Amino acid sequence: MRYEIRVDGEMTEMLGKAFPELDYVVMSGQTVLFGLVVDEAHLFGLLARCQSLGLRVLEMRQAPE
Amino acid sequence: MAVPDKNGPVPTAPHADPRGDPFPRTQFAMPARPPTFLRRDRLAEHLDEALLTPLTVVGGAAGAGKTMLVADWAAALDGPVAWLTARAADKGCGTFWACLLQALRLAGVAPPIEVDAPAEAGHVDDALLTRLAVELSARDAPVVVVIDEYDRARDPEIADQLESVLRYAGRGMRLVLVTRTEPLLPLHRYRAAGAVTEIRNDELAFTSGEAAALLTLHGLHLPADDVGALVERTRGWAAGLRLSALAAQGEPDPQTYLKEFEADRTTIADFLVAEVLKRQRPETQDLLLRISILERCCPDLANALTERTDAGLILTGLHRENAFVEYLGHAWFRLHPLFGEILRARLRVCAPGLEAELHRRAAHWLRGCGSLDETLGHAAAAGDWECAAGAVVGDLAIGEIFTGLRSDDLSELFSHMGPEPRSPATDLVRAARELARCEVERGLCRLERAAQGLAGKNGPGEDDAPEVAAAQLSRALLEALAARLTGSPARAELAARAAERLRCEVPGRLLDAHPELTALLLTHLGATRLWAGRFGDARAALTTVVDSRRAASTAQAREECLGHLALIDYLQGWPDRAERKARAAVMTGDRRGCPLEPGPGLGYLVLAAVAVDRDELDRAQAFLDAAADASHPMPDPVVQAGRAIVTGRVLLARGETQAALEAVERTVVADVASPWAEAHTASVAAAAHLAEGRPETAAKLLEEEPGHEPLCLVGAAQAELAAGRPGPAVALLDRVRPQGRPGPAVTVRAALVRAQAAGASGDFATQRRLVAQALREARRERLRRPFHEAGPWLRPLLGTVPLSALAEGWLTPGPPSPGCPARPGERSPLPVVEELSGRERDVLRRLAEMMSTEQIAADLCVSVNTVKTHLKSAYRKLAVNRRHDAVHRARELGLL
């Protein structure tokens, strides 16, 4: 499953390292994390990680393969 | 060091955690509020409603100020407050409830003494929760139970359990959940009933006025417009506001600085933490980054990570000046979770590779302080398996791999250990895990290697002498288990003697802290002695465990011991005693949930065996199925043999002789043969041969047995009698008497064989006397099976006076008592009927399903005539003439 998670604010490279399994692009005050998500447990884990890093999740969607 | 004292109340510190760690834990401490804490009246007032509703949920993002809000509110309460911070490491509801009970105890709300702590990480007894709820419901004033970071309590059962306790506790308990995610409790129902107080993220957000007050507390005075812009940028997020205040404090022109921040588009937390961090002195920055790997820290531990000596001053200073280092009392601190998380990400980037080294240092420091859980967590994170295994072994905690609250966690933890580390401790842990999975061969290899590793370290008086002794004692436990799994009594005795010697060499406090070690060792010793047929010695070891002090960690061992004691009673011929103990074993087992010990379901097996003796075959089958349900991939020899024997006896009683023979044919692999297992196996096989009309084969089979087992002697006598040789039969029975004191299950059978022999030689007076004796002995134990097995000669006798009076009510139907209708629910005693054969049963069962004779024939792949023959024979045995009556009667007798 490929997912995209859009969060508020531009992530620094340092914070990007907190998501080593995902790539990210920064665009106009937002950051899109994207990449392969192994399963639902992983997905919820990513959400929890966003939460514990104080990130505001704006959008999350499954990307077409 | 100087400990903050005027920053609100010093949190209460617990004396011990439920798992026996000697540390004060962050888990039960209500965090102290920092001096810059801003009390917001609108929230405090809303929170006051928590005293009116059973449930309160304070939910919001990380850093929204949830914990501090609730801590400030709770500290001002008059009544008792139980505070629990859930931990991610505590998987499973058992651990959760153990902690919550401890929190209640620390709040002075002592749960009743009979509320034992849960014994298993993944299970909690419903009865325990009920008793707790009842206890709470009886309170005059409610206890406020705060569970902070509730989102970490992952086990979905916890929500259900909390809900039920909350419901039954009524006015005695007010639950406050502080959580990042919505709890799984049925909130809609609480909302509909107005039974919940909810404070959500939006309400937690700072208003402009509050933000201005907060900034003033930090020494910043800004115009209203600027404050409004800041609130907009941070969306009123408490952590964001506090961090920006901290960052701006150090600036010559805070106003301009904050304007820049407002224009910046970086993610808020990341940006602000970086800003706050860069304003600290280098030593402080270094310390903050390093302690970010810890869940909590004290100055000494921080010094161990920084390799400096100034941690006490820095931590106290940090706590005084901002909200992100929280004080937990007794010189322990923690970083605000959000702050810690971002620092940890930063540490990975700034100093790659340092994280593992820090975990390793933390593990070593914590090991010296005896905090096993935390040591293990850090050692595993560092991949330092020698340290992790060394901590488990050195702490005498090896038994916890098999039993107790920590066993799941330990298994999970060590499942990540690769094959590389080669210390005796790692080998012992590997051996324990393999033996726990009953991989005996591999376990033995590891154990051997550990023994070799330890052999070189036996010099007394060395510094690590207690460590070595602990390792040797751990090894003795594993040896005893290996002995049990391989059925090797010599090995078990050797291990027990070694353990006895080593007990004096390890610190007494460790033995006290780990009662499960001794209990497991004695269980394995007892089970192995039982296998070897040394019932007296086995009983001694097993009884010690049953009589020992009750502790959650020994519950499983106690249950196993009860099961084994029950088996001994059964084997010695005392079904009533066996049943009582087996019931106790099964009940403790059911309370704990699924058993994972090597002797699972032994209690059920004994119950099945007793049920067969009483001719309650459906019950027997049900118990047997329950024993199989609880089955383990490879149980120990005692259970293997027990299962084969009981299965054989059930099949025998059902008339399925061939299947019974097959059931007992499976050989049990063990180092030494077990006298009782062989005797019972031979006895079942002989009975099967006898039933199929081969008395000579039966006699020969039992002749091969050593011959001192009463059961075999009785069986052999039966065979001799069937072969028409009453003389040798009586001679065999004469040898039964002197052997110990066999119970009724043996003596009743012996008396019946004697009676048959007496009848065969025409001595009917003796026969009647012996039958009367057998009836008297069997009546109390409701031993019906021996009378059914005895043969057709007995039946007419039971109808005569005075024998009929002795048999009435339990063996044969009692006299009709007018005016006293049979009580519903009570099963009428089974009358003596000739057993149906397996095939006859098959036919009857299909008859009961309304199948026609032709359909039955097709279904069983036999001819219609064969079915008719079976039916006729079944009709005769059931004393009926019609299909309908046959089914009805068979149901009545419990044959279907």
Side-chain angles (χ1 to χ4, degrees), chain A, chain B residues 59-66 88 149 151-152 154 179-182 201 205 233-244 261-275 277-278 289 292 324 335-352 355:
Chain A
M1 303 191 290
R2 295 189 67 81
Y3 269 90
E4 285 181 8
I5 304 173
R6 186 182 297 270
V7 299
D8 196 17
E10 295 175 1
M11 261 171 50
T12 56
E13 200 186 331
M14 196 279 300
L15 204 62
K17 292 278 169 61
F19 298 90
E21 72 270 52
L22 300 181
D23 292 321
Y24 69 94
V25 286
V26 172
M27 47 176 86
S28 61
Q30 295 180 347
T31 308
V32 179
L33 292 152
F34 59 95
L36 278 178
V37 171
V38 186
D39 53 13
E40 288 229 332
H42 186 192
L43 190 64
F44 283 105
L46 285 171
L47 278 178
R49 213 181 307 165
C50 287
Q51 200 181 31
S52 62
L53 289 167
L55 295 172
R56 238 167 63 83
V57 175
L58 300 174
E59 182 192 9
M60 181 177 71
R61 65 183 196 111
Q62 191 168 7
E65 292 294 327
Chain B
K66 308 179 289 293
E149 306 200 21
D151 47 289
R152 291 183 179 183
R154 295 278 165 76
T179 176
R180 288 181 186 177
T181 55
E182 184 139 323
N201 209 40
R233 167 76 167 112
T234 56
R235 294 170 190 271
W237 183 41
L241 284 170
R242 229 172 290 162
L243 281 164
S244 44
F261 163 60
E262 280 151 30
D264 190 276
R265 302 176 97 179
T266 319
T267 51
I268 299 178
D270 181 21
F271 172 82
L272 288 174
V273 171
E275 291 293 297
L277 199 60
K278 93 179 174 210
L289 284 174
S292 71
F324 294 92
L335 291 176
H336 186 284
L338 176 80
F339 199 58
E341 200 78 43
I342 293 170
L343 284 175
R344 202 149 43 237
R346 188 164 281 271
L347 172 73
R348 277 179 211 135
V349 179
C350 300
E355 201 183 351

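On a predicted model such as this, the values are computed, not experimentally measured, just so you know. Lettering follows sequence order; numbering is per chain, from 1.
- Side-chain atoms of A:Gln51 and B:Thr181, non-hydrogen and from C-beta on, do get closer than 4.5 Å to each other.
- One N or O on the side chain of B:Lys66 and one on the backbone of B:Ala61 form a donor-acceptor pair closer than 3.5 Å.
- For B:Arg344, no part lies near chain A; criterion is any non-hydrogen pair under 4.5 Å.
- For B:Ile342, the parts lying under 4.5 angstrom from a heavy atom of chain A are both the backbone and the side chain.
- Remark: side-chain polar atoms of A:Thr31 are paired, donor with acceptor, to backbone N or O of A:Gly9 under 3.5 angstrom.
- A:Arg49 does not touch chain B: none of its heavy atoms, backbone or side chain, sits under 4.5 Å away.
- Under the 4.5 Å side-chain criterion, counting only non-hydrogen atoms from C-beta, B:Val349 is not in contact with A:Glu13.
- Looking at A:Leu55, only its side chain comes within 4.5 Å of chain B, counting heavy atoms on both sides.
- Taking the side chain as every heavy atom from C-beta outward, A:Val37 and A:Met60 never approach each other to under 4.5 Å.
- Across A:Gly29, A:Ser52, A:Ala18, A:Ala48, the residue that shares the most heavy-atom pairs under 4.5 angstrom with chain B is A:Ser52.
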